[in-house]
**Q** 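Got a structure here, written out as structure tokens. Questions coming.
For this chain, numbers begin at 1 and follow the sequence in order.
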Amino acid sequence: MEGKVKLAFNAGIQAYAKTEQIDGAAFSTELAKAFELDKPFVDKVAALDAVFDDHQQFEELREIYFDLLMINFFAEDVQKLEGDYLDSPEWEAIEEDTIDRGTELLNIFLYLRECADDEIEPSLDDYLKEFLLVEEDEFQDEYNIYETVIANQILVDSTYPEISKVAESLSFNDDMKELFYPVMSFFNEQKPTDAQFDEFVKASQNRALDLATYQIIVNFNK
């Protein structure tokens with residue numbers, strides 16, 4: 001498992017298990033084996049889903065860990081394949097089959113990796129305008145997904161309770177409903193202390209999922 005992915009992988013499960021007061025050891029061990037399989041991506045996905053099927057207490061994390069599996073595949077497995085693999089009919093078929101899987105965290109991971117490569121500090125403005133290109137006419141799908149984030153960019157200079165309040169007000173149909181609080185909180189504070197994590201949890205409406213997601217992003221960014 002790639003270094004950044006492993007940090008995020010462990011932090012997310014530990015945060016979720018601790019908040020829900022459940023044992024995550026067996027789940028973590030089995031899921032790590034799925035990530036580390038020396039098999040095609042579709043087989044890794046099947047293994048991941050089998051682990052989540054066997055550990056329903058962690059179901060909320062399924063699509064987020066699909067994103068981690070994908071970014072790990074890009075970081076580790078693709079290097080072992082032919083150079084043009086991501087342009088191959090095989091990969092196009094996989095993308096088509098998994099088009100409804102995952103969350104917007106995959107874009108966050110890709111952006112943070114790009115920031116690390118370019119040695120620049122991540123920022124919400126840069127993510128929206130330079131990475132997602134939401135101001136360009138041909139990227140209106142991204143604009144529509146991030147519309148509430150764009151409208152509330154001022155929250156990056158706000159507080160956890162204020163971010164949570166806006167998150168709670170979002171429609172359940174909003175594409176960023178579940179991710180809004182941890183994603184905006186990350187761009188508000190990228191290196192939170194233990195005390196700040198406590199403040200984050202106190203303001204959360206879904207403590208286990210929010211904390212796990214925030215921990216995953218923060219640790220992936222280390």
**Q** Under a 4.0 Å threshold between the charged nitrogen and the carboxylate oxygen, would Asp49 count as salt-bridged to Arg101?
**A** yes
**Q** Does Leu124 share a hydrophobic cluster with Leu133, counting links as ILVMFWY side-chain heavy atoms below 4.5 Å and allowing steps through other members?
**A** no
**Q** Got a second to check how far Asp175's CG is from Thr103's OG1, nearest 0.5 Å?
**A** 11.0 Å
**Q** Determine whether Leu132 and Tyr143 satisfy the following criterion, side-chain contact (heavy atoms from CB on, under 4.5 Å), listing intermediate values before the conclusion.
**A** CA-CA 8 Å; Leu132 295 177; Tyr143 178 89; over 6 Å; no
**Q** Set out, in order, the CA-CA distance, both residues' side-chain angles and the distance that settles side-chain contact (heavy atoms from CB on, under 4.5 Å) for Asp117 and Glu114, then state yes or no.
**A** CA-CA 5 Å; Asp117 290 343; Glu114 187 174 289; 5.6 Å; no
**Q** What's the spacing between Ile108 CD1 and Ile64 CD1 if we round to 0.5 Å?
**A** 11.5 Å
**Q** At what distance, to the nearest 0.5 angstrom, does CD of Glu130 lie from CG of Asp118?
**A** 11.5 Å
**Q** Is it true that atom CD of Gln21 has more than 12 heavy atoms of other residues, nucleotides or ligands lying nearer than 6.0 Å?
**A** no
**Q** Whether the side chain of Gln56 engages the backbone of Asp53 through a donor-acceptor N/O pair (distance < 3.5 Å, no angle test) should be reported.
**A** yes
**Q** Quick one: are the ring centres of Tyr16 and Phe58 less than 6.0 Å apart?
**A** yes
**Q** With a 4.5 Å limit on heavy-atom distance, are the side chains of Asp97 and Val42 in contact?
**A** no
**Q** Is the distance between the ring centroids of Tyr214 and Tyr181 under 6.0 Å?
**A** no
**Q** Without swapping roles, check the side chain of Glu136 against the backbone of Phe139 for a donor-acceptor pair under 3.5 Å.
**A** no
**Q** Check this for me: does any side-chain nitrogen of one of Glu59 and Arg62 sit under 4.0 Å from a carboxylate oxygen of the other?
**A** yes
**Q** So does Met184 get a backbone contact from the side chain of Asn188, meaning a donor-acceptor N/O pair under 3.5 Å?
**A** no
**Q** Between Asp174 and Met176, is there a donor-acceptor pair closer than 3.5 Å when you use the side chain of the first and the backbone of the second?
**A** yes
**Q** Would a hydrophobic clustering, with Ile, Leu, Val, Met, Phe, Trp and Tyr connected at side-chain separations under 4.5 Å, put Phe35 with Leu7?
**A** no
**Q** So, Lys44 side chain and Leu37 main chain: donor-acceptor pair closer than 3.5 Å or not?
**A** yes
**Q** At what distance, to the nearest 0.5 angstrom, does CZ of Phe73 lie from CZ of Phe41?
**A** 6.5 Å
**Q** Indicate yes or no for a side-chain donor-acceptor contact from Asn219 to the backbone of Ala8 under 3.5 Å, with no hydrogens or angles considered.
**A** no
**Q** Where is the tightest heavy-atom contact between Cys115 and Pro122, given as atom of each residue plus distance?
**A** SG-CA, 3.9 Å
**Q** Nearest 0.5 angstrom please: Gln205 CD to Arg207 CZ, how far?
**A** 9.0 Å
**Q** Identify the two heavy atoms, one from Ala212 and one from Gly12, that lie closest to each other, and give their separation to 0.1 Å.
**A** CB-O, 3.4 Å
**Q** Describe, in one word, how the ring planes of Phe109 and Phe220 are oriented to each other, choosing from parallel (under 30°), tilted (30 to 60°) and perpendicular (over 60°).
**A** tilted
**Q** Is there side-chain contact between Ser28 and Phe9, with at least one heavy-atom pair below 4.5 Å?
**A** yes
**Q** For the side chain of Asn221 and the backbone of Ile217, is there at least one donor-acceptor N/O pair under 3.5 Å apart?
**A** no
**Q** Taking all non-hydrogen atoms of both residues, which atom of Asn152 and which atom of Phe180 are closest, and how far apart?
**A** CB-CZ, 4.0 Å
**Q** Could you check, using the six-membered ring where one of them is a Trp, whether Tyr127 and Tyr146 have ring centers closer than 6.0 angstrom?
**A** yes
**Q** Hydrogens and angles aside, do Asn206 and Glu178 bring a side-chain donor and acceptor to less than 3.5 Å of each other?
**A** no
**Q** Any donor and acceptor pair, going by atom type alone, linking the side chain of Lys177 with main-chain N or O of Glu168 inside 3.5 Å?
**A** yes
**Q** I need the minimum non-hydrogen distance between Phe197 and Pro192, along with the two atoms involved.
**A** CZ-CG, 3.4 Å
**Q** Can you tell me if Ser158 uses its side chain to pair, donor with acceptor, with the backbone of Ile163 under 3.5 Å?
**A** no
**Q** Assess, by modelled atom type and distance only, whether the side chains of Glu104 and Asn107 contain a donor and an acceptor separated by less than 3.5 Å.
**A** yes
**Q** Between Ala17 and Gly24, what is the shortest heavy-atom contact and its length?
**A** CB-N, 4.0 Å
**Q** Ring-plane angle category for Phe27 and Phe52, please: parallel below 30°, perpendicular beyond 60°, tilted otherwise.
**A** perpendicular
**Q** Knowing that exactly one of Thr213, Leu105, Val149 qualifies, which makes a side chain to side chain contact (heavy atoms under 4.5 Å, CB included) with Val183?
**A** Leu105
**Q** Find the distance between CD (Glu199) and CG (Asp194) and round it off to the nearest 0.5 Å.
**A** 11.5 Å
**Q** Are Phe186 and Ile120 connected, step by step, through hydrophobic side chains (Ile, Leu, Val, Met, Phe, Trp, Tyr) whose heavy atoms are closer than 4.5 Å?
**A** no
**Q** If every non-hydrogen atom of Arg113 is compared with every non-hydrogen atom of Ala75, which pair is closest and at what distance?
**A** NH2-CB, 3.9 Å
**Q** Any side-chain heavy atom of Phe131 sitting closer than 4.5 Å to one from Asp126?
**A** no
**Q** Keeping Lys129 on the side-chain end and Val134 on the backbone end, is there a donor-acceptor pair under 3.5 Å?
**A** no
**Q** Do Val166 and Leu128 share a hydrophobic cluster, counting only Ile, Leu, Val, Met, Phe, Trp and Tyr and linking them when any side-chain heavy atoms are less than 4.5 Å apart?
**A** yes
